[in-house]
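Quick one: the structure is below, and I'll ask about it shortly.
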Amino acid sequence: MAVACSLLSGSSCFHHFASRKFHSNKFSEENLLCKDLEPSRRSFGNNKVQHESLKASDGNEDNTSGPFTADKTYQSMALLLLSQFLLFVGVGAVIPSIPLYGKELGFSSAANGIVISAPAVALVAGAKFAGNYADQARKPALILGMAVIFVSDFATALASDLGMLVIARLGLGAGRCVSEAGERGLLADLANQIPELRGRAVAAQQGVMALGIAIGAPCGGIAVEKYGPRAAFLCVSGAALVSLILYLFLPETQGIAREQHGVHLKGQGKEKKTESQESADWADLWSQNQWRGLVLCQSGASFGFAAKISSIPILAAANLPGGAIGAGVLLSAAGLSGLVGAPIAGLLIDRTSARTTAVISGICCGIGLMLIPVALSLQLFDAEAGVIIGSIYLNGKALAFASAVLLWSTAAAAQGPALTALAQELAPPRREATALALPRAAGDATYIFAPFLLGLVADSALQAPGLECALAGSVGIAGVVAIIRLGDEKEVVSY
């Protein structure tokens, strides 16, 4: 967690900026009304006039435990990151175990594919519902979703046939859908308190996830080796239970966001949206060019992750010393590269913009993937000259291939926080979770068919190994072009 705290604090800048923003927030009601023009810069201070207006506007009681101070924001962010870190230690233990579990149960490769894709199907199907639910309240979504994750992973460990396993994995996807919607909304609420440090806050989450997976993967390997694949799912069930308990201590932030926005609506003579209008959120967002560009860029990025799962391990086993062991080392290094890419992204987002960071990192992602077939085909890299890393000797071709993969993984670790920060900035008030679910659902939907498409390309181009990775890189570049062109053309839509 030292890495996460370092990312988040920015050498104590987090607390300094947050304190300055909260304790200097003495706006009058007129100031609050004017601030509606900048919803991403709104502040939830303990202003007496604000609270009196809130009671007059909708009569809702404040459902938080007190004023949302700078210290409370900082503590809430740290607790959320700790929960995510522990959860992803368990997730890291499971990642290499799923195909092994299917093999233990006697499943074919096709059946394994069904098991692996089941959570993504549930994620896509429930994304809109989960976003709407989390926009009513963040904390219940976090707790309910994590409870479902716990039950589903435990059921996975007990599964004895394909039907029960698929049902358990669908339950996992449903739980993730609800829990992650609440987590995205909560993170957006906290980041809105200190927009100057939004990039570092989002990057810190990416960093703790990468660190958790890096720690969990070898631990899971030891557990599987000693007790079998089922042990890994028991490990992630335990991690989910611990995260669930920690979520109980998180504050509810959506009530504050709803009440403050109620002041804005009252001052402007606007009424709250009806339920039928709320159901059209995604249609409204898609009608804006900025959101179209964001969604297309997220879909393009998903092709890269599909290549990581379906193609890169095979290519690594065929071209790196040690075969499968070498492939595992490369994938572990790719995961750890998130500890490099995420902090860089945080600084770039805060010092330039989320959109600029997304474009730069997206271009690097595409270049890295497109260099993979080049590294595997050029005779230049067949030379005997190479390097020795530890006790492993890498010839020119293996070194070039590994470098291309690590370029992609580092840039992907930077692109993720940038796209999330951009979505937070564009999200309409009180509906952050629903809005943030749109690009996530697009990415999950892409992930369902992308591995199959890349597999077809790989099977039809056996003489050009890695060509499917170049295709994934090209699609990623196309997504960057979309966010560049559409990001300059803002279409105004009434919320």
Determine, stepwise, if the pair M146 / L87 fulfils side chain to side chain contact (heavy atoms under 4.5 Å, CB included). CA-CA 10 Å; M146 192 56 62; L87 176 64; 3.7 Å; yes
Assess whether atom CZ of F449 is packed by more than 12 heavy atoms of other residues, nucleotides or ligands within 6.0 Å. yes
CG-CG distance between L81 and L211, expressed to the nearest 0.5 angstrom: 11.5 Å
How many angstroms lie between CG in L79 and CG in L190, if you round to the nearest 0.5 Å? 10.5 Å
Gap separating the CZ atom of R355 from the CG atom of L419, nearest 0.5 angstrom: 12.0 Å
Please name the pair of heavy atoms, one in S237 and one in F154, separated by the smallest distance, quoted to 0.1 Å. OG-N, 3.0 Å
Nearest 0.5 angstrom please: F233 CZ to L172 CG, how far? 9.0 Å
Give me the atom names and distance for the closest heavy-atom approach of S311 to E468. OG-CG, 3.1 Å
To the closest 0.5 Å, what do you measure between OG1 (T73) and CG (L197)? 11.5 Å
Close side-chain approach of D444 and V121, heavy atoms under 4.5 Å: no
Could you tell me whether a side-chain N or O of T356 sits under 3.5 Å from a main-chain N or O of T352, the two making a donor and an acceptor? no
Heavy-atom pair with the smallest gap, counting every atom of A188 and L436: CB-CD1, 4.1 Å
Tell me if a side-chain donor or acceptor on S243 pairs with a main-chain N or O of S83 at a distance below 3.5 Å. yes
R176 backbone acceptor or donor facing S179 side chain under 3.5 Å: no
State, to 0.1 Å, how close A118 and R169 come at their nearest heavy-atom pair, and which atoms those are. CB-CB, 3.9 Å
Would you check if D284 and W291 make a side-chain contact, meaning some heavy-atom pair closer than 4.5 Å? no
What closest approach, in Å, do P251 and S76 show between heavy atoms, and which atom pair accounts for it? CG-OG, 3.1 Å
Does the side chain to side chain contact (heavy atoms under 4.5 Å, CB included) test come out yes or no for F129 and N132, once each step is laid out? CA-CA 5 Å; F129 165 80; N132 286 331; 5.9 Å; no
Donor-acceptor pair, Q193 side chain versus D189 backbone, under 3.5 Å? yes
Is there a side-chain contact between L296 and L486 (heavy atoms, below 4.5 Å)? yes
Is E252 reaching over with its side chain to a backbone N or O of K139, donor-acceptor style, under 3.5 angstrom? yes
Test item: V124 and I448 side chains (from C-beta on) under 4.5 Å apart, heavy atoms: yes
Residues two or more places apart in sequence or in another chain: which of them pass side-chain contact (heavy atoms from CB on, under 4.5 Å) with L80? Q84, E183, L186, L187, Y247, L250
Does the side chain of L294 reach to within under 4.5 Å of the side chain of Q290, using non-hydrogen atoms? no
Run Y133 and L144 through side chain to side chain contact (heavy atoms under 4.5 Å, CB included) and show every step you take. CA-CA 11 Å; Y133 179 67; L144 174 62; 4.0 Å; yes
Main-chain N/O of T446 paired with S299 side-chain donor or acceptor, under 3.5 Å: no
Could you pull out all residues at least two apart from F305 that satisfy ring-ring contact (aromatic ring centres under 6.0 Å, His included)? W408
Is the shortest side-chain heavy-atom distance between L471 and M370 below 4.5 Å? no
Less than 4.5 Å apart, side chain to side chain, heavy atoms only: is that true for I312 and C469? yes
Any side-chain heavy atom of W286 sitting closer than 4.5 Å to one from V295? yes
Using only atom types and a distance under 3.5 Å, with no angle test, would you say the side chain of S361 pairs donor to acceptor with the backbone of A358? yes
Any chance the side chains of Q424 and R198 put a donor and an acceptor closer than 3.5 Å? yes
Any donor-acceptor pair under 3.5 Å from S353 side chain to I349 backbone: no
Going by an N to O cut-off under 4.0 Å, is there a salt bridge joining R184 and E432? no
Side chain of S152, backbone of I149: donor and acceptor closer than 3.5 Å? no
Donor + acceptor pair across side chains of R485, N289 (<3.5 Å): no
For a quick test of reading the model, state the closest non-hydrogen atom pair linking A168 to T156 and the distance between them. CB-OG1, 3.4 Å
Residues I213, V89; criterion side chain to side chain contact (heavy atoms under 4.5 Å, CB included); working and verdict: CA-CA 5 Å; I213 291 176; V89 170; over 6 Å; no
To the nearest 0.5 Å, what is the distance between CD on Q206 and OG1 on T420? 7.5 Å
Using atom types as modelled and distance alone, determine if a side-chain donor or acceptor of D350 lies under 3.5 Å from a backbone N or O of R200. yes
